[in-house]
Protein chains: 2
Amino acid sequence: MAVSYERIAGELRTAIRAGRLRPGDRLPAETELAERFGRSVPTVREALRALRDEGLIEKRHGIGTFVRRERALARRTNLRHQWEKDRSRRPVAQRAMTGATEHDTGLTANDLVFWARYREIPAGGDISAVLGVREGAALLERSYRTRHATESAPFGLVTSYLVRGMIARNPDLLDETKEPWPGGTQSQLHSVGIELDRIEERVTARPPMPEEAEELELPPGTSVLVLRKISYATDGRVVDVTDVVLPGDRTELLFTTPLERW
Amino acid sequence: MAVSYERIAGELRTAIRAGRLRPGDRLPAETELAERFGRSVPTVREALRALRDEGLIEKRHGIGTFVRRERALARRTNLRHQWEKDRSRRPVAQRAMTGATEHDTGLTANDLVFWARYREIPAGGDISAVLGVREGAALLERSYRTRHATESAPFGLVTSYLVRGMIARNPDLLDETKEPWPGGTQSQLHSVGIELDRIEERVTARPPMPEEAEELELPPGTSVLVLRKISYATDGRVVDVTDVVLPGDRTELLFTTPLERW
DNA sequence: GAGTGGTCTAGACCACTGT
DNA sequence: CAGTGGTCTAGACCACTCC
């Protein structure tokens with residue numbers, strides 16, 4: 001290879017893939033690598049940065065550079081939607097026991113810390129187009145965070161948009177102190193007579209924005225999954241748009257598509 | 001901010017988000033930015049690297065640094081699976097007209113260039129576990145690339161694994177020169193009497209490996225979507241595992257979940 | 001040829017961590 | 001305290017692109 005930082009990165013990459021360097025292992029210090037490869041420290045740092053950008057290593061200031069471990073996956077399945085719909089007609093006491101996050105993760109409510117914030121905002125940009133309302137229409141913006149009780153980073157950054165006029169019949173739906181609502185958004189919509197017909201989820205991936213990296217505690221060299229969930233009522237209206245940002249290295253989205261039998 | 005490259009990155013980021021720098025605009029040269037901010041060129045380069053890692057800018061050697069434009073999205077929907085199943089019993093002539101990629105993208109077969117390579121390999125690692133066969137069992141590994149006729153990068157990197165013993169009844173299925181098979185994998189399985197019951201798709205995101213970045217022509221500062229598709233036959237067996245690597249910045253996965261009516 | 005970003009040197013000093 | 005990575009300087013020369 002013409003470029004010497006690529007040669008250094010290549011040798012280390014090969015060692016990691018071959019298992020000569022195992023997850024959790026510490027790499028030699030930058031000064032030592034520089035000496036060993038006969039290059040300057042900045043050149044070695046360039047090589048390490050390339051490996052970090054591939055998600056292979058992780059640097060810890062003042063400690064060293066380590067081969068990255070696989071993260072435990074949090075799973076989110078689309079079966080949750082039917083499950084939530086079924087629950088939304090059940091008694092409150094039964095709904096209160098567990099929510100969709102518990103359904104997906106297998107955890108109980110005691111393991112989880114929940115947080116919600118409501119704001120009323122005018123519809124703008126693509127949200128108004130998706131919801132089919134005019135620009136400036138009154139929306140309810142709901143931000144959610146759920147995290148494991150023993151960790152500081154949430155599972156994801158969730159923002160949901162509802163049309164205020166559709167739900168104002170039930171004032172409790174405008175009150176964030178009523179969260180967590182037993183049974184989730186489908187139960188809330190049910191309380192104002194809205195039944196869902198289907199849910200669309202659009203998924204893309206990109207590097208995190210700095211604010212997202214901070215809140216999700218993402219190390220450099222990771223990606224986020226960006227999911228937009230669109231809920232359609234039985235009358236065809238879009239009744240909810242939810243944007244979710246999830247850490248790509250510790251989230252697995254599972255979609256099951258049943259097929260009609262012959 | 002304590003760190004001056006962060007201050008430089010912050011000012012440029014704000015300018016981009018506010019629209020003072022628009023997609024496609026060229027940023028000042030590194031030497032000019034260095035002078036303007038009163039820092040050295042390497043410090044400016046550090047700031048630009050941070051913005052590139054966020055996907056905000058794109059550097060072109062010998063030309064300059066530009067605000068990145070949004071990419072045109074290629075969409076892939078899970079409705080394709082039922083569509084493919086319906087087609088797999090239709091006459092060959094009808095199946096030959098369009099495939100799933102055409103279904104998703106709205107393009108015609110003339111717009112697309114298709115490529116396939118078959119290999120027989122022993123089952124290893126997680127693939128044998130998912131397919132439910134012993135390690136070392138004979139598998140057919142099929143690699144696919146589809147690209148737009150006017151572009152050089154494929155839509156994605158597709159590798160499918162079939163159990164050789166399940167499909168050997170039809171020797172055509174072992175022959176890569178028979179590709180593209182009219183109607184796709186479900187038609188191939190149908191030719192040996194296999195009907196699918198459901199499809200599971202698992203989605204995660206991560207930075208690309210160097211080989212993936214090269215083949216998909218991904219600039220630094222992008223992510224890939226990693227999709228594993230698992231096909232279940234009506235008898236409960238896993239009959240196909242397909243791994244797909246897609247460019248995160250120009251792919252949208254669309255999943256529709258229908259809900260039972262009350 | 002002029003201008004751009006890419007690679008590299010050989011240091012300096014700072015900030016963080018564990019002992 | 002010693003050792004680590006983080007930031008920064010002030011250059012040098014190379015590779016690429018456009019004119």
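Just so it is clear: chains get the letters A, B, ... in the order the sequence lines come, proteins before strands, and each one is counted from 1. Everything quoted here is computed from the prediction, not taken from an experiment.
Applying the 4.0 Å criterion to OP1 and OP2 of dT7(C), one finds that Tyr5(A) has a side-chain N or O inside that range. The phosphate of dG3(D) has neither OP1 nor OP2 within less than 4.0 Å of any side-chain N or O from Thr31(A). For dT4(D), the OP1/OP2 oxygens have no side-chain nitrogen or oxygen of Thr65(A) closer than 4.0 Å.
The stretch residues 35-60 of chain B touches DNA chain C through Arg45(B), Lys59(B), Arg60(B), each having a heavy atom within less than 4.0 Å of the strand.
Seen from the ring of Phe66(B), Arg60(B) counts as a face-on cation partner, given the 6.0 Å and 45° thresholds.
Between the side chain of Glu176(A) and the backbone N or O of Tyr118(A) there is at least one donor-acceptor pair closer than 3.5 Å. The closest donor-acceptor contact from the side chain of Asp243(A) to the backbone of Arg228(A) lies at 3.5 Å or more, if one exists at all. In terms of modelled atom types and a separation under 3.5 Å, the side chain of Glu30(A) and the main chain of Val41(A) share no donor-acceptor contact. Between the side chain of Asp111(B) and the main chain of Thr108(B), a donor-acceptor pair closer than 3.5 Å is present.
Under a 4.0 Å N-O distance rule, the pair Glu212(A)/Arg206(A) qualifies as a salt bridge. Salt-bridge annotation for Glu201(A) and Lys229(A): absent, with no side-chain N of the basic residue lying under 4.0 Å from a carboxylate O of the acidic one.
If you measure from atom CD of Glu32(B) to atom P of dA2(C), you get 19 Å, rounded to the nearest angstrom. Between the C1' atom of dC8(D) and the CD atom of Glu30(A) lies a distance of 14 Å, rounded to the nearest Å. One interatomic measurement links the two molecules: CD of Glu6(B) to C1' of dT7(D), which rounds to 10 Å at whole-angstrom precision.
A search for side-chain contact (heavy atoms from CB on, under 4.5 Å) contacts involving Pro247(A) returns Leu216(A), Leu218(A), Asp249(A), Arg250(A), Thr251(A), not counting sequence neighbours.
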Give each protein N/O atom lying under 3.5 Å from an N/O atom of nucleotides 15-19 of chain D, with the pair distance.
| residue | atom | partner | partner atom | Å |
| --- | --- | --- | --- | --- |
| dA15(D) | N3 | His61(B) | NE2 | 3.0 |

